[in-house]
Amino acid sequence: MKSDTTQPGIARKMLAAALFMLFLYLFLLSIQTMGLGFSHLGKGFSEGLIRSTTNPVLGLFIGLLSTAIVQSSSSTTSIVVGLVASGALTLHNAIPIIMGANIGTTVTNLIVSLGHISHREDFRRAYASSVIHDMFNMLSVLIFLPLQYYFQYLERVALFLSSLFDSSGGMQFASPLKMVLDPVSRGAADLMGGHGIVILVVSLAALFLSLTYMVKNMKLLIMSRAEVVFEKAIFRTKYHGFLFGMLFTALVQSSSVTTSLVVPLAGAGMLSIDRIFPYTLGANIGTTITAMLAAVATGSPAAVSVALAHLMFNVSGTLVFWWMPFVPIRLAEWIAMFAARNRIIAIVYILVVFFLVPLGMIWLME
């Protein structure tokens with residue numbers, strides 16, 4: 001295949017590159033603003049729920065629902081850290097909430113995958129790459145919630161590790177991505193009067209618009225070259241993918257952003273679920289690192305313990321499923337196959353898993 005080196009061809013690629021960067025920024029901005037919209041709708045509600053928990057299973061569903069509502073596991077974790085530090089919540093009761101938050105944060109990926117819903121095969125790939133995050137977190141909960149409940153596994157490890165940080169100083173780190181996105185997203189939210197529903201509708205429209213045109217320009221600009229870059233650099237081995245996912249998430253301080261970025265690549269057929277899975281595991285660990293550094297900076301042993309429990313939950317899950325990735329991968333592919341055949345299943349899955357089941361369980365158990 002001859003390269004397009006004519007002047008019109010170069011100009012077309014330059015325009016495609018500029019449009020890709022523009023829509024990539026809009027895509028990231030829409031995810032950030034969507035979180036603000038959910039936060040305006042439900043942050044107080046989430047904090048009230050978290051305060052009320054004493055049952056570990058109830059705590060799991062409260063963490064899941066709270067994070068799905070505010071679209072940020074960092075927000076849920078911050079509330080939990082504050083409550084533990086103040087003595088309003090014990091570390092024992094906080095850990096299941098953190099587990100639930102890990103599941104709840106994956107709803108963003110699934111919403112992003114709906115941008116491919118009009119093309120069956122693209123949607124199947126995109127949905128599988130999104131739901132793999134759910135499967136990993138749900139399977140990890142099935143293993144480690146009983147271990148925590150009966151043997152205080154995560155609690156004991158977190159308390160031991162936090163004792164090592166008692167005399168250490170902390171570090172603060174500002175995400176460069178947030179520095180670029182926050183002023184614009186907050187300004188846009190203010191322009192919409194801070195109305196959660198309006199912010200949510202506009203941000204969802206921007207997300208689907210940006211996703212559509214980002215993929216179009218990506219295909220035009222870098223499809224063949226990007227595959228070479230992924231093959232030889234970022235996703236050359238599962239270790240490369242894992243490390244990149246961890247470091248990139250620690251840098252941008254959002255696993256939702258990190259994992260959402262690969263959804264359109266999966267939909268376009270540029271990345272397989274087998275390559276995305278180690279990257280997702282890395283992102284899951286990366287999202288806890290900055291929270292841990294921030295907790296150390298507070299000097300509060302309780303804050304450090306919560307952050308370390310979150311880190312150890314993700315590390316423990318990674319140690320289990322790194323060696324048997326076929327379990328979450330096959331489950332994700334199976335769900336995506338049904339969702340692609342009948343695409344209403346994809347929407348029902350989001351509503352049931354992230355909202356209806358947690359609400360029902362909270363109502364029954366309170």
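The figures that follow rest on heavy atoms only: side chains count, while hydrogens, waters and symmetry mates do not.
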Give a yes-or-no answer on whether the side chains of Ser316 and Tyr153 include a donor-acceptor pair shorter than 3.5 Å. yes
When rounded to the nearest 0.5 angstrom, what distance separates OG1 in Thr67 from CD1 in Ile62? 11.0 Å
Tell me, with the steps shown, if Thr259 and Asn109 meet side-chain hydrogen bond (donor to acceptor under 3.5 Å, both in side chains). CA-CA 7 Å; Thr259 51; Asn109 300 351; 2.9 Å; yes
Is the shortest side-chain heavy-atom distance between Leu110 and Tyr127 below 4.5 Å? yes
Closest contact, heavy atoms only, Ile117 versus Arg343: O-NH1, 2.8 Å
State, with a plain yes or no, whether a side-chain heavy atom of His116 is found less than 4.5 Å away from one of Pro264. yes
Linked, directly or transitively: Leu29 and Leu191 (ILVMFWY side chains, under 4.5 Å): no
Centroid-to-centroid, Phe242 to Tyr279, below 6.0 Å? no
Distance in Å, Leu22 CG paired with Leu15 CG, rounded so as to fall on 0.5 Å steps: 10.5 Å
I'd like to check Phe354 versus Leu65 (side-chain heavy atoms, cut-off strictly below 4.5 Å). Are they in contact? no
Decide if atom CH2 of Trp322 counts as having more than 12 heavy atoms of other residues, nucleotides or ligands within a radius under 6.0 Å. yes
Here's a test for you: under side-chain hydrogen bond (donor to acceptor under 3.5 Å, both in side chains), which of Thr106, Asn284, Thr105, Thr280 qualifies with Asn137? Asn284
With a 4.5 Å cut-off on side-chain heavy atoms, are Val131 and Leu331 touching? no
Quick one: does NZ or CZ of Arg330 land under 6.0 Å from the six-membered ring centre of Phe326, within 45 degrees of the ring axis? no
For atom CE of Met337, decide whether the heavy atoms of other residues, nucleotides or ligands shown that lie under 6.0 angstrom number more than 12. yes
Among Asp134, Leu142, Val141, whose side-chain contact (heavy atoms from CB on, under 4.5 Å) with Met138 holds? Asp134
With rounding to the nearest 0.5 Å, note down the distance linking OG in Ser113 to CG in Asp122. 12.0 Å
Nearest-0.5 Å distance, CD1 of residue Ile98 to CG of residue Leu91: 9.5 Å
Below 4.5 Å, heavy atoms only, C-beta onward: do Val320 and Ser140 meet side chain to side chain? no
Aromatic plane relationship, Phe338 with Trp334 - under 30° parallel, 30 to 60° tilted, over 60° perpendicular: perpendicular
Could you work out, with side-chain hydrogen bond (donor to acceptor under 3.5 Å, both in side chains) as the rule, every residue matching Thr90, not counting sequence neighbours? Asn93
Distance check, rounded to the nearest 0.5 Å: Met135 atom CE versus Ile273 atom CD1? 10.0 Å
Can you measure from CD (Glu155) to CG (Leu308) and round to the nearest 0.5 angstrom? 13.0 Å
